[in-house]
Amino acid sequence: LGLAYSFGDHEGMMGKVLGKPGTTSIRVGWGMLHTSFEGATDFNEIGDAPFGNYTGQNQSTFAAPFTNRASGTSITNLFPVAPPPHHFSASFPATGFPYTYLSDFYGAFGTIGSSPAFYNKNRLPYAENYELSIQRQITSSDLLSVSYVGTQAHRLLASESANPGIPSLCLSLLSVGCGPGGENNIYTQGGVTTAGTRGPFSAPYRNTPVNGNYIVPFGNDSYFITGGYSSYNSAQISWRHTSNRLQLLLGYTFSKSLDNSSGYGEQYNPINPRLSRGLSAFDSTHNFVASYAYTLPFDKLDGPKKLTNGWQISGITRFSTGLPVTILETDDRSLLGTAFGGPITLPVDTPNLLGPVMKMNPRNPTHQYFSTTSFGADTIGVEGTANRRFFHGPGVNNWDMALLKNTQLTERLNLQFRAEFFNIFNHAQFITPSGLASFNCPVSNQITPTGCTQSSSSFGVVTASTTGRIGQLSLKLSF
C-alpha cells in the first residue's frame, strides 16, 4: 500500500516551509512480503544420520583415509554400504546395515549429534515494511529527504536445540559426576542408571537398557525452525546536490535492529527464546556516508585542452558505528549442552554481567577493547544475565578516493586514466573483538561462580584489522 501527496500553494509560514507548489511531497508506504527458505537447510541435511552414511576422520591421508596419521589408529571402512536384507520388516530386522536395533547403530556410529533437521511445522517467513518520508526541493540543485523506515520480520528461519540438556536432572546427579559437558554421559546413582541428561529424545531410554546396553542415542541436534523474529527502526536523512561541476550525496542513518537470531544457523535459547533477544549482528547505530565527484577547473587554464580538460576527483567517505560484539560463555555451566548443534557450533549460553562495560582504545599493547572484569561465570545450571549482543565493536573511519582524467583522443576514442586509493589515509579499521568467555572454577566450588577466573586469552581482544591502504592505477580506452 502506498500514498504520495504533493503540496500546493500556501501562504505565510506554511508557504515558507513547503515552498512553491510541487517542491514538497510526502510519501507513506506499507507492505507485507513473504519469502522462501534458504536452500542451505536442505544441503545440511544431506549427511544426516542414518541416511547420510558418511564418516569423518581427523589427520587422514588420501592413501589411507581411515587411518589417523598422528596416532596410527584406524576405524572400519564403512563403504560401500551393504544393502538391507530382502523382505526387511519389523519382524525380520537387520543386524547389520541399516542397523535396525539402536544398540547396533550406536556401536557403529556413536551418539548422533550436530545432525540438524527441518522442523515439520515450519511456516513461510514474512516481513512487514513501512516508511514515512518527506522530500523538499530546496533549490533546483538541492533535494532534502527525511524518512522513518522500519521492518518487523516474523517466523525467520533460525536454529533451536531439539534435545537440550535438562539442568535440574544434571544437578540431581552432581554427586556422581554430572556437570558441564556431561549431557551425553551415563550415570548410576542409588542403583538407578540414567543415560544422559537430555530431553526429549533421550528420555525413553534413561532407565531402560536397549538390548542389554544403556545408550545415549542423541546428543545436541538442532531444528531449522521458523522461531526467529526481528525489529528494525531507523531515521534516515539524505541531501543531494547536483550542479555543473559537483555531484554530492550525503546520507545519515540512526537506527536499531533487534532479533533473537541474526541469520542462518544461529541458535536461540531453547528454553526461553526471549533470553536471546538483543542487537542484530549487523546493527549499526550511526552510519554516515558521503559520496562525491568534482570536476576540477583545470579546463579554465590556458594550454592544450587535451591536457587541461577532463580532470575529476571523486570519493566515498564513511563514518559508522562498529558491529556488535557477540557475548557467549563456552564452558556449558548452564548444563544445556547447546554447542555443536548445527552449522554454527557456538552455544547459546551467556556469562553474568557484573558491571558496566568499559571500552578501550585497541591500539594499547594488549589490544584489549573492553573490560573483561565486567563479566563473570554464571551459577551452575542457570543462564547468565548478560545479553548476547548489547554493545558495539570498533567503528569505521574510511576514505576511498580517486583521481581520473578523461582525454577525448578523437570523436570515437576516449582514454581514461584512473588513480584509485582505498582507505587513502591508512586508518586502522579493527575487526570486532572476540566475545567468547570461558571460566575456570575451583573443584571445591563448582556450583556458585565464587572464585571462578576467566580463562580465554582472546576474550575482549582485537586480534586483527582489515586491509590497509591500497592504491591502483589503470588506463581504459573507450571506442
Side-chain angles (χ1 to χ4, degrees), residues 4 6-7 15-27 131 133-147 149 234-255 284 286-321 395-427 429 466-479:
S6 178
F7 292 92
K16 293 180 180 180
V17 173
L18 298 177
K20 297 179 181 180
T23 59
T24 301
S25 64
I26 184 170
R27 291 174 171 83
E131 177 178 357
S133 63
I134 299 174
Q135 290 82 38
R136 175 70 159 87
Q137 189 79 37
I138 300 174
T139 70
S140 60
S141 301
D142 298 274
L143 175 65
L144 177 67
S145 298
V146 180
S147 305
V149 180
S234 67
Q236 303 178 10
I237 302 174
S238 68
W239 176 49
R240 186 178 68 194
H241 174 82
T242 303
S243 61
N244 186 35
R245 291 187 178 273
L246 177 64
Q247 308 289 323
L248 177 64
L249 179 61
L250 304 179
Y252 169 71
T253 300
F254 174 69
S255 66
S284 181
H286 304 282
N287 188 28
F288 171 80
V289 179
S291 57
Y292 39 88
Y294 179 67
T295 300
L296 298 170
F298 295 159
D299 54 331
K300 295 183 179 181
L301 300 175
D302 294 332
K305 293 304 180 183
K306 280 187 170 52
L307 181 62
T308 59
N309 286 4
W311 288 95
Q312 186 181 81
I313 187 170
S314 64
I316 300 175
T317 300
R318 182 185 179 195
F319 302 102
S320 69
T321 305
V396 175
N397 176 351
N398 188 71
W399 297 69
D400 297 334
M401 301 191 72
L403 175 67
L404 62 90
K405 169 71 168 70
N406 283 304
T407 303
Q408 198 69 39
L409 300 177
T410 68
E411 185 177 347
R412 296 177 57 251
L413 295 179
N414 179 74
L415 182 66
Q416 183 184 85
F417 164 76
R418 298 181 67 93
E420 298 173 311
F421 294 91
F422 303 93
N423 192 8
I424 189 171
F425 299 116
N426 205 28
H427 188 88
Q429 316 288 345
T466 59
T467 305
R469 178 171 52 223
I470 297 175
Q472 61 184 26
L473 305 176
S474 65
L475 281 174
K476 181 171 68 173
L477 181 66
S478 301
F479 57 91

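When a residue number appears, it is its place in the shown sequence, counting from 1.
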Check your understanding: In chain order, what residues pass the side-chain contact (heavy atoms from CB on, under 4.5 Å) check against Phe7, with sequence neighbours excluded?
Key -> Tyr5, His10, Leu18, Thr24, Ile26

Check your understanding: Do the side chains of Phe288 and Leu250 get nearer than 4.5 Å, heavy atoms only?
Key -> yes

Review point. Side chains of Thr253 and Gln236: is there a donor and an acceptor less than 3.5 Å apart?
Key: no

Show me, pair by pair, the donor-acceptor contacts under 3.5 angstrom made by side chains of residues 311-318, not counting sequence neighbours?
{"unit_1": "Trp311", "atom_1": "NE1", "unit_2": "Leu307", "atom_2": "O", "d": "2.8"}
{"unit_1": "Thr317", "atom_1": "OG1", "unit_2": "Tyr292", "atom_2": "OH", "d": "2.7"}
{"unit_1": "Arg318", "atom_1": "NE", "unit_2": "Asn287", "atom_2": "OD1", "d": "3.1"}
{"unit_1": "Arg318", "atom_1": "NE", "unit_2": "Ser320", "atom_2": "OG", "d": "3.3"}
{"unit_1": "Arg318", "atom_1": "NH2", "unit_2": "Ser320", "atom_2": "OG", "d": "3.3"}

Study note, to complete from the structure: In this structure, OG1 of Thr407 is separated from CG of Leu409 (nearest 0.5 Å) by 6.5 Å

Could you tabulate the donor-acceptor pairs under 3.5 Å formed by side-chain atoms of residues 466-478, not counting sequence neighbours?
{"unit_1": "Thr466", "atom_1": "OG1", "unit_2": "Gln429", "atom_2": "O", "d": "3.1"}
{"unit_1": "Arg469", "atom_1": "NH1", "unit_2": "Ile424", "atom_2": "O", "d": "2.9"}
{"unit_1": "Gln472", "atom_1": "NE2", "unit_2": "Glu420", "atom_2": "OE1", "d": "2.7"}

Exercise for review: Check whether any side-chain N or O of Ser141 sits under 3.5 Å from a backbone N or O of Thr242 as a donor-acceptor pair, and report yes or no.
Suggested key: yes

Point to revise | Atom pair CZ/CG of Phe479 and Asn414 - distance to nearest 0.5 Å | key: 12.0 Å

Check your understanding: So, Ser25 and Arg27: side-chain donor and acceptor under 3.5 Å apart, yes or no?
Key -> yes

Point to revise | CG-CG distance between Leu248 and Asp142, expressed to the nearest 0.5 angstrom | key: 9.0 Å

Practice item. Kindly write out the residues that satisfy side-chain contact (heavy atoms from CB on, under 4.5 Å) with Glu131, not counting sequence neighbours, or none if the list is empty. Key: Ser133, Ser147, Val149

Review point. What pairs meet the side-chain hydrogen bond (donor to acceptor under 3.5 Å, both in side chains) rule with one or both residues in residues 295-310, with sequence neighbours excluded?
Key: Arg245-Asp299

Exercise for review: Return the minimal non-hydrogen interatomic distance between Leu404 and Gln416, and the atom names on each side.
Suggested key: CD1-NE2, 4.3 Å

**Study point:** Distance in Å, Arg418 CZ paired with Leu403 CG, rounded so as to fall on 0.5 Å steps
**Key:** 9.5 Å

Check your understanding: Ser145 side chain to Ile237 main-chain N or O, any donor-acceptor pair under 3.5 Å?
Key -> no

Practice item. Give a yes or no on whether the backbone of Asn398 and the side-chain of Asn423 come within a donor-acceptor separation of less than 3.5 Å. Key: no

Check your understanding: Can you list the residues that meet the ring-ring contact (aromatic ring centres under 6.0 Å, His included) rule with Phe254, with sequence neighbours excluded?
Key -> His286

Practice item. Taking all heavy atoms of Arg240 and all of Leu249, pick out the closest pair and write down the distance. Key: CB-CD1, 3.9 Å

